[in-house]
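For reference, the structure is listed below as structure tokens.
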2 protein chains.
Amino acid sequence: MTHKSNPSEIKTYLKTISIFKDCSDSFLAKISANAQCQIHKKGKILFVHDDTIERFYIIKSGWVKLFRETLDGAQAVVDILDNHHVLGEIAIFENNIVPYSAEVVSNAEIISLPLANLKKEIKNDNQLALNMLKSMAHDRRRKDKEIEHRTIQNAPQRIGCFLLRLIDQNQKGPVTIHLPYDKTLVAARLGMQPETFSRALSKLRDETGIRINGATIEMESLDQIVRYSCAACSSNFPCQDLKTTS
Amino acid sequence: MTHKSNPSEIKTYLKTISIFKDCSDSFLAKISANAQCQIHKKGKILFVHDDTIERFYIIKSGWVKLFRETLDGAQAVVDILDNHHVLGEIAIFENNIVPYSAEVVSNAEIISLPLANLKKEIKNDNQLALNMLKSMAHDRRRKDKEIEHRTIQNAPQRIGCFLLRLIDQNQKGPVTIHLPYDKTLVAARLGMQPETFSRALSKLRDETGIRINGATIEMESLDQIVRYSCAACSSNFPCQDLKTTS
DNA sequence: ACTACACCTTGACCAAAATCAATTATCACA
DNA sequence: TGTGATAATTGATTTTGGTCAAGGTGTAGT
């Protein structure tokens with residue numbers, strides 16, 4: 001499964017990752033030398049919460065689910081990430097213990113890097129620390145928003161809001177949206193049961209006039225969904241700040 | 001309302017704040033020179049979300065509620081903070097715009113400092129950046145946990161979990177807990193209606209045998225609550241990691 | 001093309017929490 | 001010490017979402 005990885009190729013890619021933006025070349029060289037790039041199949045568990053890990057990961061393609069589970073199997077999805085997202089890096093603050101499990105949910109290409117380097121360099125490279133801080137701040141903000149949505153939006157509204165965040169919110173006229181992953185997973189991501197998701201999506205359709213065809217959703221304009229979902233939100237539309245593009 | 005503030009006294013206090021731990025003396029001197037300490041009464045709004053602010057705040061005593069509101073008045077509590085917590089500092093990443101509103105919910109003593117200094121110094125003082133990063137990481141973890149709890153715990157379980165996080169979880173034998181603020185506010189903090197809180201607390205009492213007397217809650221030991229609440233949580237008890245002491 | 005399996009939907013029912021409404025309790029302050 | 005105002009509780013009811021069960025759909029892999 002391990003891919004023959006060209007270090008300089010990886011180094012070029014790493015430069016596109018927000019937490020490595022404008023980082024010192026010496027750091028990038030060091031860290032990319034130890035990089036691995038692997039292709040993982042759907043279902044692959046990268047690590048389990050409370051594991052001690054030695055490497056953190058960057059998603060080059062595909063989707064990864066972050067979650068935690070109770071003893072009796074109840075699962076809470078913490079986040080679902082795609083390209084350019086970093087995971088497990090947080091472990092540097094907790095003796096290399098990760099606070100969530102990570103599972104590949106669609107075939108994915110994933111780079112892994114040693115945590116130790118990051119841990120060491122963050123002390124020397126202020127730019128790295130600042131980038132991480134900014135990314136973390138952005139992410140914390142997203143979590144706040146998530147909590148707000150769980151508090152004041154109902155199931156169909158949460159779905160509408162989710163859809164709006166998948167696209168460029170400034171486009172006028174007809175829009176087509178493709179769900180990025182399984183409906184079951186979208187449901188979990190939004191903190192509801194698959195059955196509830198199915199029914200709530202139908203309700204959203206009835207209320208807003210969108211057309212649903214499998215994972216494809218079409219509408220004449222965003223207006224209807226905006227009116228329906230964004231009424232139960234403290235932000236003004238467009239709210240692109242909530243994109244996962246940290 | 002402005003308090004005559006002794007700069008060196010404030011400087012001493014600032015050293016006890018986690019994000020300023022081990023920070024350069026030059027930074028501490030600079031920032032405490034511009035510090036103000038004010039006493040605010042319950043109900044005082046420090047700032048409103050999407051405001052542009054010039055200062056950030058540190059709570060010396062009392063409680064502050066962070067929240068957001070929709071146009072039609074629905075409110076979501078983002079967090080409730082006490083001593084040693086910092087708020088508004090996040091605005092340095094967003095052109096001084098704060099993402100939440102802040103309201104004093106019990107008479108409080110609050111220090112304010114110019115955001116500009118923080119913004120400038122964070123680039124020079126790596127220790128400051130690292131401290132903030134660590135604090136932010138911890139906080140993001142707390143938010144994840146919050147989302148998890150909203151997903152898999154019901155109302156009485158959330159209350160039990162909330163109670164456990166108020167105290168030293170390692171103590172054996174009888175325990176007395178005082179709710180730190182109004183039940184209405186606890187309810188909002190846990191994302192439920194006051195009526196639901198009232199009923200859920202009664203249910204928790206019936207299920208675990210705790211005794212409730214106004215804001216005072218007594219029990220023979222923590223065991224019962226742990227069994228009742230922590231079953232619906234992915235962490236093992238004790239879970240002190242979730243304390244707000246960032 | 002067939003099969004196995006996972007995904008999705010639908011219906012019936014149930015449980016949890018929100019809402020609406022009416023008291024009662026508590027507390028700051030005159 | 002009374003008196004409003006706010007907080008808290010309780011009851012009745014509705015709404016929302018979860019659970020259980022069955023059936024349909026789609027698709028990867030042989």
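Every chain is numbered from 1, with letters handed out A, B, ... down the list of sequences.
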Point to revise | Test item: B:Met136 and B:Ile90 side chains (from C-beta on) under 4.5 Å apart, heavy atoms | key: yes
Practice item. Please list, chain by chain and in numerical order, all residues satisfying ring pair (Phe, Tyr, Trp, His ring centres under 6.0 Å) with B:Tyr13, sequence neighbours excluded. Key: B:His84
Review point. So what is the 5' to 3' dot-bracket string for DNA chain D, if pairs are Watson-Crick or G-U wobble with both distances under 3.5 Å, crossing pairs use [ ] and | means the partner sits on another strand?
Key: ||||||||||||||||||||||||||||||
Check your understanding: Atom CD1 of A:Ile152 and atom P of C:dT19: how far apart are they, to the nearest Å?
Key -> 12 Å
Study note, to complete from the structure: In whole angstroms, the gap separating C1' of D:dG17 from CZ of B:Arg150 amounts to 16 Å
Point to revise | Distance in angstrom units between B:Lys183 NZ and D:dA8 C1', rounded | key: 7 Å
**Study point:** Donor on one side chain, acceptor on other, B:Ser234 and B:Glu148, under 3.5 Å
**Key:** yes
Check your understanding: Within this structure, what is the NZ-to-P distance between B:Lys41 and C:dA28, rounded to whole angstrom?
Key -> 13 Å
Check your understanding: If you count the non-hydrogen atoms of other residues, nucleotides and ligands that lie under 6.0 Å from CG in A:Asp206, is the total more than 12?
Key -> yes
Practice item. Verify the distance criterion only: is there a donor paired with an acceptor across the side chains of A:Thr151 and B:Arg150 at less than 3.5 Å? Key: yes
Exercise for review: Sugar-phosphate means primed atoms, P, OP1 and OP2; the rest is base. With that split, encode nucleotides 10-18 of chain C 5' to 3' as B, S or - using protein heavy atoms under 4.0 Å.
Suggested key: BBB----SB
Point to revise | Residue from A:Lys143, A:Glu146, A:His49 passing side chain to side chain contact (heavy atoms under 4.5 Å, CB included) with A:Val78 | key: A:Lys143
Review point. Just to confirm, is there a sub-4.0 Å distance from OP1 or OP2 of C:dA28 to any side-chain nitrogen or oxygen of B:Lys42?
Key: no
Review point. Rounding to a whole Å, what distance do you find between B:Leu179:CG and C:dT26:C1'?
Key: 15 Å
Review point. Would a 4.5 Å heavy-atom cut-off, applied to side chains only, mark B:Ser198 and B:Glu195 as touching?
Key: no
Review point. Which whole-number value in Å describes the distance from A:Ile212 CD1 to C:dC8 P?
Key: 13 Å
Review point. Expressed in angstrom and rounded to an integer, what is the separation of B:Asn213 atom CG from C:dA25 atom C1'?
Key: 13 Å
Check your understanding: Under 3.5 Å, is there a donor-acceptor pair linking the side chains of A:Lys65 and A:Gln75?
Key -> yes
Check your understanding: Would you say the side chain of A:Tyr57 lies within less than 4.5 Å of the side chain of A:Val86, judging by non-hydrogen atoms?
Key -> no
Check your understanding: Over how many whole Å does the gap from A:Ile159 atom CD1 to D:dT16 atom C1' extend?
Key -> 13 Å
